[in-house]
Amino acid sequence: MTPSSRHCTLTLVALVVAISGCQPEFDGEFRHRSVLERSTNGLVLHDDGGAGHAGMMGSNCPFETDFGLVTGDYDLPDEDEEVQDIGSHVLGSNSILLVQPNTINVLNKMTGEYATDIMHVPDAVAGRFFDEGIVALLRGDDSCMVDWIDDDGNETTIETGDCSPGSFDVDPQTGTAYLGGPVAVEIVTPAGSIDAEVSGDLVAWDPSAEVTYVATLDGDLVEAIEPDGTLRWSTAVPGIVKVLAPAGNKGAAAVMLEQRDGGGLLVYLDGWTGDQISKLETPSAAKGLAVSANGGNIAMILNDQTHFYGVYVK
């Protein structure tokens, strides 16, 4: 940890502040826990939801969620890294994946000191962990590619049709990549690619329900596709979709909607049926969501704050 004026500073929020105005401490199946008073560049939660990691202030910082307390920072050689994933790696569980231009970085602090793996990956714009290494999305001058880099440094590359980091997710068990698109979601493996039965520019793989959630930004429909691309369900939602994420081990989609009056609405959709199983109204729609693997905590990310909620959805 290296102190610097540009780095994360320790922040303890003693009073729970709402997304906009006062928010009840407990609202149905969601309990507001704390707020992190910082803008972030990518944010992930550890498996138990008690801590996490975010890009922040040109650096990257661990934090805890009980009081929104930043607990340190870590200096990479360059600045403005984006935190994009958390998962298992040869460095250990709860490893953090960060992306900078042409570089993918992995951090792990299981031993109390940071271990790092820094990989030069030209044209990388996104990355995810999978069981054998890293899956990277590459954006070249004239092409888009998915690149599988195993723990021994071996690479397999497949050309694909979309390069948007926001339209990219990966099944960490198989390494299958899902890329959103205006015509069809593309399902990509080292053997090639197939088109799914639906299109959309938001995709989120859910290992609990073994399904990929799909939506179009500012659309009013959320769909779920099987690993072979066939449709499992399609559900109209009561607002326009802003963010889509898996709800940890709940086997559900966490969907942030913007309502007609400008307010936000978080809905949980059952991963097997598409039925709505819970909801939470918020003063405004979050621009990002992160859910812990155990499903017990959710982060709602705004421009200058992140709000942490305990989740009691069964």
Side-chain angles (χ1 to χ4, degrees), residues 16 18-19 23-36 43-52 64-68 85-88 93-94 169 171-173 178 202-215 220-227 231-239 241-259 263-286 288-301 306-314:
V16 174
I19 293 176
Q23 187 86 317
E25 179 186 355
F26 182 75
D27 190 349
E29 295 163 311
F30 299 88
R31 185 187 299 273
H32 192 269
R33 298 179 61 196
S34 68
V35 57
L36 176 67
L43 181 149
V44 294
L45 295 178
H46 288 183
D47 290 351
D48 65 2
E64 57 81 36
T65 59
D66 280 338
F67 299 102
D85 199 14
I86 185 168
S88 295
S93 60
N94 278 321
D169 208 0
D171 174 356
Q173 187 170 24
Y178 296 86
L202 301 175
V203 295
W205 164 257
D206 183 354
S208 294
E210 298 181 339
V211 73
T212 300
Y213 306 119
V214 181
D220 61 359
L221 193 68
V222 177
E223 298 179 299
I225 56 171
E226 304 286 358
L231 181 67
R232 180 182 291 186
W233 52 257
S234 180
T235 297
V237 290
V241 179
K242 292 297 183 180
V243 189
L244 186 63
N249 68 1
K250 303 298 183 183
V255 189
M256 177 55 71
L257 306 174
E258 184 175 270
Q259 302 183 90
L265 180 66
L266 174 71
V267 296
Y268 273 32
L269 303 179
D270 185 278
W272 299 101
T273 65
D275 295 337
Q276 181 176 302
I277 57 178
S278 189
K279 66 179 181 178
L280 173 69
E281 290 193 356
T282 60
S284 61
L289 297 172
V291 186
S292 59
N294 69 0
N297 294 271
I298 186 169
M300 298 189 191
I301 304 161
T306 296
H307 291 258
F308 302 109
Y309 284 78
V311 181
Y312 301 89
V313 177
K314 294 183 179 179

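Numbering starts at 1 and runs along the sequence shown.
- Closest non-hydrogen pair, Q259 versus P238, comes out as CG-O, 4.3 Å.
- Rounding to the nearest 0.5 Å gives a distance of 11.5 Å between CG of L269 and CG of D206.
- Closest approach of I225 and V211 over heavy atoms only: O-CG2, 3.1 Å.
- The two atoms that bring D171 and Q173 nearest to each other are OD1-N, 2.9 Å, heavy atoms only.
- Using a 30° and 60° split on the angle between ring planes, H307 and H32 fall in the tilted class, from 30° to 60°.
- Two residues are said to be in side-chain contact when any heavy atoms from C-beta on lie closer than 4.5 Å; V255 and Y213 fail this criterion.
- With rounding to the nearest 0.5 angstrom, the CD atom of E223 is 12.0 Å from the CG atom of L202.
- Between W272 and S208, every side-chain heavy-atom pair lies at or beyond the 4.5 Å cut-off.
- Side-chain contact between N94 and I86: present, with at least one pair of heavy atoms (C-beta onward) separated by less than 4.5 Å.
- Side-chain contact between W233 and V222 is present, with at least one heavy-atom pair separated by less than 4.5 Å.
- Heavy atoms of other residues, nucleotides or ligands lying less than 6.0 angstrom from CD of E226 number more than 12.
- Interatomic distance, CZ of R33 versus CG of N297, reported as 4.5 Å (0.5 Å rounding).
- Annotation for G271 and R232: closest pair O-NH1, 3.1 Å, computed over non-hydrogen atoms.
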Checklist entry - Does the pair T306 and M300 meet the rule for a side-chain contact (heavy atoms from CB on, under 4.5 Å), with working shown? => result CA-CA 6 Å; T306 296; M300 298 189 191; 6.0 Å; no

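- Between L43 and L45, the shortest heavy-atom distance links the atoms CD2-CD2, 4.4 Å.
- Taking the side chain as every heavy atom from C-beta outward, I298 and F308 never approach each other to under 4.5 Å.
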Checklist entry - Could you go step by step and tell me if L257 and V241 meet the side-chain contact (heavy atoms from CB on, under 4.5 Å) rule? => result CA-CA 5 Å; L257 306 174; V241 179; 3.8 Å; yes

Item to check | Intermediate values then yes/no, side-chain contact (heavy atoms from CB on, under 4.5 Å), V243 and I301 | outcome: CA-CA 10 Å; V243 189; I301 304 161; over 6 Å; no

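- Remark: side-chain polar atoms of R31 are not paired, donor with acceptor, to backbone N or O of Y312 under 3.5 angstrom.
- Between A204 and A245, the shortest heavy-atom distance links the atoms CB-CA, 4.0 Å.
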Checklist entry - Step by step, would you call Y309 with L266 a side-chain contact (heavy atoms from CB on, under 4.5 Å)? => result CA-CA 12 Å; Y309 284 78; L266 174 71; over 6 Å; no

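- Remark: the backbone N or O of G49 is paired with a side-chain donor or acceptor of T65 at under 3.5 angstrom.
- Checking side-chain atoms of S278 against main-chain N and O of Y268 turns up no donor-acceptor pair under 3.5 Å.
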